[in-house]
Amino acid sequence: MAHPSQLGFQDAASPVMEELLHFHDHTLMIVFLISTLVLYIIVAMVTTKLTNKFILDSQEIEIIWTLLPALILILIALPSLRILYLMDEINDPHLTIKAMGHQWYWSYEYTDYEDLGFDSYMIPTQDLTPGQFRLLETDHRMVIPVESPVRVLVSADDVLHSWAVPSLGIKMDAVPGRLNQTAFITSRPGVFYGQCSEICGANHSFMPIVVEAVPLEHFENWSSLMLEDA
Amino acid sequence: MLRLTSGRLGSLLARRPTACLTSSSRARMLSQQSHEVSETVDMSRPMYYDRLDSPLPDKPYKDVLSDAEQSLKQKEKGPWAELTNEEKVALYRLMFSQTYAEMKAPTGEWKTVVGGIFLFLGFTGLVVWWQRIYVYPPHPRTVDEDWQAMQLQRMLDMRINPVQGFSAKWDYERNQWK
């Protein structure tokens, strides 16, 4: 989750998110350089004492300011496309989970081995125990084994939703009647929060997502417990 | 600016750059001598303007001259050494409305603008203050000091953002911020 007044990204919990962080640093540096240059040019133009400002033609600088932006765009596009294809690589998942969006909660189905399914509702503010995070906690978390490739099939039961977990670098629209696939692998154990990212009605802001990455034995214990409770 | 008709604006924008292209063929760039350049016809009316970056307007400031002024213009056709200083200044004032010094002179307009900005900012501040008292709902209990402290401790226990972010800045051995 983000700490209060956080401006930047959350720490990456998956390799893809790490790549996205580095790409963002690279691109933002280019953007800052260009913006500084443009700001300097604007200030220079406004404060100049020169009166002859209507130079009509100069082939050299026109060549430079055509080729240089093209080069900069290529420098941005190459890492971008690299990450784009990286995200789509076949990764042989150990586990497939179906995340279904409803108005206004998520439900998770682990049907690889047994029939495990449960709903995940936000804990209302008045029911929080002291120290819990407002609008982020849910009664049931999506538990996964750490460092195992996981496939999530995202869909919806009624209207559009979107399953998003920023620290894993995932956002996938939940479209009724459609299965969208996304996959990830968590590099470290922990609890990762996200929120529904497609307007879906009155309680769109109140259907968060919580992913808990635990060692495999804990995951097995948890899934056995959940199956008993069901 | 508001009183400019489109014709005058066209004159301002079109005449100066196109004048360079069409007025003198000797001034044409080397690159343009190898192919045809279509004639641009400027149909705007000449206008007078005071601009720092354009020293010679389309027409003089005073077009309609009194008899005394006309005889002065006749005298201008002779040797200029015979003109007195007052006559030279008068001729300048016939040709131009403002001198460069007058054009560049500070107007103090910025004080009005900045004052207006502060006025609106202050008014907005008053509106926001009133809203805080009469409109805003009460805080949720999670904003209380003790809840925030418990939340912070829970975030540290859960190792939220341990790489470079939140928990990375906490020294777990000495139980304090780094």
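Order of the sequence lines sets the chain letters (A, B, ...), proteins ahead of strands, with each chain counted from 1. Small disclaimer: the values here were computed from a predicted structure and weren't measured.
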Should we count [atom1] of [X] as having more than 12 external heavy atoms under 6.0 Å?
| X | atom1 | answer |
| --- | --- | --- |
| Phe23(A) | CZ | yes |
| Trp177(B) | CH2 | yes |
| Asp229(A) | CG | yes |
| Phe120(B) | CZ | no |
| Lys111(B) | NZ | no |
| Glu109(B) | CD | no |
| Gln164(B) | CD | no |

Taking side chain as everything from C-beta outward and backbone as N, CA, C, O, which of these in [X] sits under 4.5 Å from a heavy atom of chain B? Side chain, backbone, both or neither.
| X | value |
| --- | --- |
| Thr129(A) | backbone |
| Ala2(A) | backbone |
| Phe192(A) | neither |

Sub-4.5 Å side-chain heavy-atom contact between [X] and [Y]:
| X | Y | result |
| --- | --- | --- |
| Phe166(B) | Met1(A) | no |
| Arg188(A) | Pro162(B) | yes |
| Met158(B) | Phe133(A) | yes |

task = For chain B, find which of His3(A), Gln6(A), Gln132(A) contributes the most heavy-atom pairs closer than 4.5 angstrom.
result = Gln132(A)
ask   = If you look at every heavy atom in Asp11(A) and Val163(B), which pair is closest and at what distance?
value = OD2-N, 2.8 Å
inquiry  = Go through it in stages, so that I can follow the logic: the residues are Trp147(B) and Leu128(A), the test is side chain to side chain contact (heavy atoms under 4.5 Å, CB included), and I'd like the CA-CA distance, side-chain angles, deciding distance and then a yes or no.
reply    = CA-CA 11 Å; Trp147(B) 192 291; Leu128(A) 290 170; 3.8 Å; yes
key: Selection from Gln153(B), Arg141(B), Arg159(B) maximising heavy-atom pairs under 4.5 Å formed with chain A   = Arg141(B)
query = Measuring from Leu136(A):CG to Thr142(B):OG1, what's the distance to the nearest 0.5 Å?
reply = 10.5 Å
